[in-house]
Every structure is written in structure tokens, then in C-alpha cells.
Amino acid sequence: MHTLPRAARWYLYSLWALAAVATGFAFWRNSAAPPPFLLLLVVLVAFVLADYFFVLFKINEHNQVAMTIVDALTVFMLSTVGLSGVLVLIAGSLISDLLGRRPWFKGLFNAAQRSLTYLILLAIYMALREPGVPPFSGPRGLAAFLIIAAVYHTLNIAFVATIVALASGQPLPTVYLASYKQVHWIHFMTLPFGAILAYMWATNPWLLPAAAVPLFMAHRSFRTMAALQQQSERNQELAQQATSLLEELRTKQDELVRSSQLAALGTFAASIAHEFNNLLTAILGYAQLALTTDNVHEK
């Protein structure tokens with residue numbers, strides 16, 4: 001925590017305080033009966049499992065974001081457990097982060113941003129839901145889901161991108177766009193499953209296991225996409241290494257050509273020097289003979 005920049009720490013403090021105040025106020029104003037404890041326990045276990053088996057996606061050279069299928073469970077809880085879903089989100093986030101041995105302030109950040117997002121989504125759902133019909137059914141239910149999905153998508157990326165930008169010193173728009181490009185398709189895939197599960201819970205709960213199977217397959221597709229991303233990065237590294245080797249090979253070839261040219265020039269110069277040496281040998285020989293006599297004519 002102390003390694004974070006001051007702006008990032010104050011952002012976390014503000015988010016924690018806002019989440020605590022909003023959660024306390026919501027329960028203070030709530031008068032509805034709590035859902036069955038067994039249902040809350042089952043949803044909590046499912047949330048912890050979904051959040052624990054996260055998939056890491058790289059959003060830029062310095063930061064990664066953990067993606068899970070808890071988006072679907074968040075939408076599912078809006079109509080099934082209501083306000084008590086905040087407790088599930090907080091407890092589930094803290095438990096999964098504790099099991100994953102992540103820093104305590106990251107667990108509190110996840111709990112705070114998820115609880116705030118859930119309270120906003122719950123307010124939208126309660127305002128737009130049509131009493132007496134299954135959740136997210138009919139034109140009004142579809143409109144409610146689209147609004148909830150858009151708000152969830154925006155808030156989730158905004159909360160995460162802000163802390164990443166403040167912690168790394170990068171511009172917020174750059175981090176936001178990078179996060180959107182990497183994770184928007186995951187939200188678009190998982191959020192509809194939450195509405196489907198909520199509808200089936202209200203109409204035929206026995207179909208929930210069958211409806212949850214595609215959600216598990218979606219999680220496997222996340223792992224596949226993460227593996228493809230890692231493979232793509234490795235391929236880029238190999239391509240860069242191959243480019244470096246080609247440049248080095250070109251440099252060595254140029255050096256070899258220059259060496260060959262210098263060797264040929266040396267051979268040519270040695271041949272010319274040998275020819276001059278032959279001439280100079282004869283001249284020097286006659287000159288030495290001339291020094292051996294004093295006869296001018298003979299010289």
C-alpha cells in the first residue's frame with residue numbers, strides 16, 4: 001500500500017469510504033425481508049469459485065486485469081437476493097483475494113468497487129422492473145437489462161482503469177481505451193448469462209445447471225483467449241529476435257565484404273610492390289658495384 005502514489009492511495013481511501021457509507025445507507029433504508037440463508041450461502045460459494053479462478057489479460061506493457069464470470073452472478077443476484085447481494089460481493093471478494101494471497105488493499109478495492117456498482121445496478125433494476133413478471137422478460141425487461149449492462153460495463157472499466165492509471169502514472173484515457181479493447185467482449189459474453197439465469201430461477205430453477213454449462217464454457221474460452229494472447233506476445237518476441245539476427249547477419253556480411261575488398265587491395269598492392277622491388281634491386285645492385293671503384297668511366 002505504501003508503494004502506491006499518493007493520488008492512488010487517496011483514490012482508494014475515497015472509494016472505501018464511499019462504499020461503506022452507501023452500503024450502510026442502503027441497509028438502513030431497506031425494509032424487505034432477507035432471502036433464505038441457504039440461497040445466500042450457495043451464491044457466495046459460487047461467487048468465490050468464479051472469482052478465484054480468474055484469467056489474467058494484459059491491457060498494456062505494464063498492467064494486467066483479472067477477468068472472471070462474476071459479471072453473470074452479479075446480474076443474477078439483482079433479482080434473486082436483492083440488497084443482500086452486496087454482502088455476498090463483499091464477503092466473496094475478500095475470501096477469494098485471501099485464498100489467492102493477494103494484497104489486502106486489492107481485496108478491499110475489489111469489494112468496494114463491486115459493492116458500489118451493485119448498489120447502482122440494483123437501484124436501476126428496482127426502478128425499471130415490472131412487478132408480477134419474471135425478471136428481464138418482455139420489452140421493459142430487455143430495456144432494463146441493456147441499461148444495466150451498459151452501466152456495469154462503464155463503471156467496471158472506469159473503476160479499474162482509474163486505479164491503474166493513478167498507480168502507474170499513465171494517462172487515464174489511454175488506460176481506459178486499452179482496458180475497453182481487451183475486456184469489453186468478456187462483459188458482452190457474460191452479462192447476458194446473468195439475465196438468463198435470473199429468468200430461469202424465477203420460472204424453472206431446475207434448468208439452472210443446464211444454463212450454467214455455457215457459462216463454464218465461456219470461462220474456458222477466456223483461458224483460451226489469454227493463452228492466445230501470450231502466444232501472440234511470444235511470437236512477437238521471436239519475430240523481434242529474428243529481425244535482430246537478420247540485422248546482425250547483414251552487418252557481418254558487410255564486414256566480410258569489406259574484409260575481402262581489403263584483402264584483394266592488399267594482394268594487389270603487394271604485387272605492385274614486388275614489381276617495384278625488382279627494379280629497385282637492379283638499381284641498388286649497380287649502385288653498390290659503382291661504389292667499389294674510383295674509375296669514372298667504369299662508374
Side-chain angles (χ1 to χ4, degrees), residues 15 19 23 35 39-57 59 64-102 106-122 124-125 135-136 145 148-161 163-164 179-180 182-201 208-209 211-223 225-226:
L15 193 65
T23 302
L39 176 60
L40 286 176
L41 182 61
V42 172
V43 175
L44 176 61
V45 172
F47 185 91
V48 171
L49 292 176
D51 194 35
Y52 179 76
F53 295 101
F54 61 88
V55 180
L56 283 177
F57 281 85
I59 59 177
Q64 293 178 318
V65 60
M67 298 305 300
T68 67
I69 58 174
V70 297
D71 307 340
L73 292 176
T74 302
V75 176
F76 171 76
M77 288 188 296
L78 292 175
S79 61
T80 55
V81 298
L83 185 59
S84 299
V86 176
L87 301 178
V88 174
L89 288 171
I90 295 175
S93 299
L94 295 178
I95 293 174
S96 62
D97 288 333
L98 181 62
L99 294 176
R101 297 183 178 180
R102 291 188 283 270
K106 289 186 177 181
L108 289 180
F109 167 76
N110 289 331
Q113 65 97 1
R114 285 171 175 173
S115 60
L116 284 175
T117 302
Y118 185 84
L119 289 173
I120 295 174
L121 298 182
L122 183 62
I124 297 174
Y125 174 77
F136 304 111
F145 168 73
I148 288 173
V151 172
Y152 180 89
H153 178 68
T154 303
L155 291 178
N156 185 268
I157 293 181
F159 281 133
V160 176
I163 187 61
V164 169
S179 301
Y180 173 80
Q182 290 293 340
V183 304
H184 72 278
W185 61 273
I186 297 179
H187 290 161
F188 294 154
M189 182 182 295
T190 55
L191 290 174
F193 280 109
I196 294 173
L197 293 175
Y199 179 84
M200 289 186 174
W201 174 262
L208 280 179
V213 171
L215 192 60
F216 295 135
M217 299 305 297
H219 182 268
R220 292 183 63 88
S221 70
F222 299 164
R223 299 178 66 88
M225 291 298 296

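Below, each value reflects all heavy atoms present in this structure, side chains not excepted, and no hydrogens, waters or symmetry copies.
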Spatial distance of atom [atom1] ([X]) from atom [atom2] ([Y]) [nearest 0.5 Å]:
| X | Y | atom1 | atom2 | result |
| --- | --- | --- | --- | --- |
| Phe159 | Thr154 | CZ | OG1 | 11.0 Å |
| Thr74 | Leu191 | OG1 | CG | 8.5 Å |
| Leu155 | Ile120 | CG | CD1 | 5.0 Å |
| Leu73 | Leu44 | CG | CG | 10.5 Å |

Looking at [X] and [Y], what are the two nearest heavy atoms and their distance?
| X | Y | value |
| --- | --- | --- |
| Thr80 | Trp201 | CG2-CD1, 3.3 Å |
| Thr23 | Leu119 | N-CD1, 3.8 Å |
| Ala198 | Pro135 | O-CG, 3.4 Å |

Does a side-chain heavy-atom distance below 4.5 Å link Asn156 with Gln113?
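Asn156 vs Gln113: side chains touch.
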I'd like to check Val75 versus Phe136 (side-chain heavy atoms, cut-off strictly below 4.5 Å). Are they in contact?
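In short, these two side chains touch, coming nearer than 4.5 Å.
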Return all side-chain donor-acceptor pairs below 3.5 angstrom for residues 84-98, not counting sequence neighbours, or 'none' if the list is empty.
unit_1	atom_1	unit_2	atom_2	d
Ser93	OG	Leu89	O	2.7
Ser93	OG	Arg114	NH1	2.9
Ser96	OG	Asp51	OD2	2.5
Ser96	OG	Gly92	O	3.0
Ser96	OG	Ser93	O	3.1
Asp97	OD1	Arg102	NE	2.6
Asp97	OD1	Arg102	NH2	2.5
Asp97	OD2	Asn110	ND2	3.2

Measure centre to centre between the rings of Tyr118 and Tyr152, then say whether the value is under 6.0 Å.
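No.
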For Phe109, check ring pair (Phe, Tyr, Trp, His ring centres under 6.0 Å) against everything at least two apart and list the hits.
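Result, ring pair (Phe, Tyr, Trp, His ring centres under 6.0 Å) vs Phe109: none returned.
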Mind checking ring pair (Phe, Tyr, Trp, His ring centres under 6.0 Å) for Tyr199 and listing every partner two or more places apart, or none if nothing turns up?
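Expected list: none.
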Would you please test Met77 and Leu122 for side-chain contact (heavy atoms from CB on, under 4.5 Å) and show each step?
CA-CA 9 Å; Met77 288 188 296; Leu122 183 62; over 6 Å; no
Keeping the roles fixed (side chain from Ser115, backbone from Ala112), state whether a donor-acceptor pair exists under 3.5 Å.
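Side chain of Ser115 to backbone of Ala112: a pair is present.
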